[in-house]
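Data block below; observations after.
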2 protein chains.
Amino acid sequence: MSCLCLPMGLPLEDIPELHDTHTFTLLRKGEALFRQGMPFTGLFLVRSGSLKQVSTTSTDESLVTAYAMAGDLVGLDAIGQSLYPGTAMALETTTVSVLPQERLSELGAQLPALRQQLCRNLSQEVHNERLMLRLLLRRTAEARLAYFLVAVSARFQRRGYSASRFRLALSRSDIGSYLGLTVETVSRTLARFHKQGLLKANGRDFHILDLETLSRVAGASGRRGMGG
Amino acid sequence: MSCLCLPMGLPLEDIPELHDTHTFTLLRKGEALFRQGMPFTGLFLVRSGSLKQVSTTSTDESLVTAYAMAGDLVGLDAIGQSLYPGTAMALETTTVSVLPQERLSELGAQLPALRQQLCRNLSQEVHNERLMLRLLLRRTAEARLAYFLVAVSARFQRRGYSASRFRLALSRSDIGSYLGLTVETVSRTLARFHKQGLLKANGRDFHILDLETLSRVAGASGRRGMGG
DNA sequence: CGACACGTTGACCAAAATCAAACACGGTGG
DNA sequence: CCACCGTGTTTGATTTTGGTCAACGTGTCG
């Protein structure tokens with residue numbers, strides 16, 4: 001269920017570049033790491049802060065398609081077309097390390113394990129996205145938001161932060177865009193969760209009070225499921 | 001917009017196995033090519049007929065997560081966990097060629113181009129699924145179904161069949177499951193399209209009359225979009 | 001023929017989008 | 001310091017969509 005995040009588990013610790021603090025790039029809030037349509041130049045590892053990836057469709061809709069926090073890899077979905085499929089924008093002051101394309105090829109040649117692992121991560125990602133989004137497709141707003149919060153909480157935990165208290169740099173409308181809901185619905189649903197004692201949310205600071213129940217809400221289908 | 005299909009463009013024509021008609025496997029309607037949870041043994045190329053992939057979630061919901069027709073590759077999403085993440089079931093009499101895992105590794109070692117292409121396809125797929133499903137998430141039932149039909153039509157065309165007349169082996173409830181809609185909504189929406197002169201659908205035979213308008217309906221957001 | 005899966009249609013209702021308005025907050029400039 | 005603005009957030013009233021329940025066709029297979 002590690003769904004809302006970019007893949008992990010790559011043996012990145014073996015790559016010296018990523019630890020060279022000289023190659024860090026600093027982004028201020030609102031600055032773009034890359035823009036939609038730019039040719040693929042490499043992957044990025046988020047060191048601190050967070051980014052959102054926004055894709056604009058042919059019909060001029062902007063969708064938040066990914067949220068990357070410290071430890072996440074950004075740019076994997078650019079490999080396919082050799083173009084970045086969205087714009088990665090810093091949600092706060094953010095640092096990233098760069099893993100240029102040519103270096104990636106070199107490493108791939110040297111370390112078959114890396115190559116293989118990258119492929120696995122991609123395959124895994126295909127499956128996760130398919131299943132999760134198809135699940136969201138038939139979930140109520142309540143379940144979608146609960147699911148999202150539980151996933152984010154788990155992600156913070158895996159990174160060594162508190163699972164119950166965290167700052168989520170996404171705005172309400174970013175969350176709405178990510179989950180396919182309007183701002184108003186996000187706001188109202190959070191208020192409902194608050195009233196039920198499941199969490200406290202003022203602004204972008206979240207405090208999960210009842211992860212147990214929240215997980216249950218996330219799992220509740222609320223809509224008819226079928227196929228078979 | 002080549003979204004609802006498994007990736008293509010792999011240099012599969014270079015692989016003799018796939019042309020050896022002796023290795024074809026025949027499946028009758030309802031038979032499974034592989035079942036969810038089985039260890040990954042290889043990929044399959046659909047030769048004739050069609051399959052649906054059904055994934056059962058932890059909460060016992062069955063979701064149709066993919067639809068594969070002649071020419072599509074099946075099993076790509078199994079590489080990640082080395083397990084098939086769903087059950088692939090024949091929707092009609094279907095033949096597939098097998099590309100076993102060990103052979104895949106051999107070929108990958110021999111042909112770097114194949115490896116690279118596979119990786120690209122996977123990356124592409126990640127992006128497609130993300131974008132399409134997030135798009136569907138904020139679409140009305142009408143737009144979802146229109147989008148689906150347009151995509152299927154394009155797929156038939158690319159395979160050399162008519163874009164306007166085709167037989168879609170999925171049942172109404174399969175379509176509903178795939179798009180996150182109930183059977184009733186699928187049925188009603190098709191009826192509305194019929195009344196508007198956009199298509200004729202009796203049973204599983206479809207005749208697209210106005211692809212132009214249908215595409216427009218598919219693109220119409222119908223819901224508020226945001227993020228930026 | 002009946003059993004059964006699939007498909008369609010109608011009446012009703014709940015969920016969430018829409019429209020609208022007000023509120024909180026941070027920054028800017030007087 | 002405060003007035004002012006813009007952005008983001010919340011809340012309320014209303015409407016639309018589509019899910020739910022239920023009944024009824026249609027076709028196929030034994």
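By convention in this document, chain letters (A, B, ...) are assigned in the order of the sequence lines, proteins followed by strands, and residues within each chain are numbered from 1. Side chains are part of it too, since the values below use all heavy atoms of this structure and drop only hydrogens, waters and symmetry mates.
Applying the side-chain contact (heavy atoms from CB on, under 4.5 Å) test to A/Thr87 and every residue at least two apart in sequence or in another chain returns A/Ala32, A/Arg35, A/Gln36. Considering only residues two or more places apart in sequence or on other chains, A/Ala90 meets the side-chain contact (heavy atoms from CB on, under 4.5 Å) condition with A/Leu27, A/Leu51, A/Thr94.
B/Glu92 places its CD atom 15 Å from the P atom of C/dC6, with the value rounded to the nearest Å. One atom, CG of B/Leu179, and another, P of D/dT17, lie 18 Å apart when rounded to the nearest Å. In this structure, A/Leu181 atom CG and C/dA17 atom C1' are separated by 10 Å, rounded to whole Å. Between the CZ atom of B/Arg139 and the C1' atom of D/dT16 there is a distance of 17 Å, given to the nearest Å. Computed from coordinates, the B/Lys195 NZ to C/dT9 P distance equals 7 Å when rounded to whole Å. Rounded to whole Å, atom P of C/dA15 lies 18 Å from atom CG of B/Leu137.
For the pair B/Arg28 (side chain) and B/Thr93 (backbone), a donor-acceptor distance under 3.5 Å is absent. The closest donor-acceptor contact from the side chain of A/Ser153 to the backbone of A/Ala163 lies under 3.5 Å. Under the 3.5 Å distance criterion, the side-chain polar atoms of B/Ser55 are matched with a main-chain donor or acceptor of B/Pro85. With hydrogens and angles disregarded, no donor-acceptor distance shorter than 3.5 Å links the side chain of B/Thr185 to the backbone of B/Leu181. Not a single donor-acceptor pair under 3.5 Å links the side chain of B/Arg192 to the backbone N or O of B/Ser187.
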What does the B/S/- profile of nucleotides 6-11 of chain D look like, 5' to 3', with a 4.0 Å heavy-atom cutoff to protein?
--SSBB

Going 5' to 3' along nucleotides 24-30 of chain D, which nucleotides have protein heavy atoms under 4.0 Å from the base (write B), which only from the sugar-phosphate (write S), and which from neither (write -)?
-------

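For an aromatic pair to be called close, the ring centres must be under 6.0 Å apart, and A/Tyr178 with A/Phe148 satisfies this. Two rings, from A/Phe166 and A/Tyr161, have their centers 6.0 Å or more apart.
Under the 4.0 Å criterion applied to side-chain N and carboxylate O atoms, B/Glu92 and B/Arg204 are not assigned as salt-bridge partners. Here B/Asp72 pairs with B/Arg155 in a salt bridge; the nearest charged N to carboxylate O distance falls below 4.0 Å. A salt bridge links B/Arg139 with A/Glu61: at least one charged nitrogen is closer than 4.0 Å to a carboxylate oxygen.
An OP1 or OP2 oxygen of D/dG18 is reached within less than 4.0 angstrom by no side-chain nitrogen or oxygen of B/Thr182.
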Could you pull out the protein-nucleic contacts involving nucleotides 22-25 of chain C (nitrogen or oxygen on both sides, under 3.5 Å)?
none

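Rounded to 10°, the angle separating the first-five-pair axis and the last-five-pair axis of the helix from C/dT8-D/dA23 to C/dG30-D/dC1 equals 30°.
For the side chain to side chain contact (heavy atoms under 4.5 Å, CB included) criterion with A/Leu211, the lone passing option out of A/Leu198, A/Leu199, A/Val150 is A/Val150.
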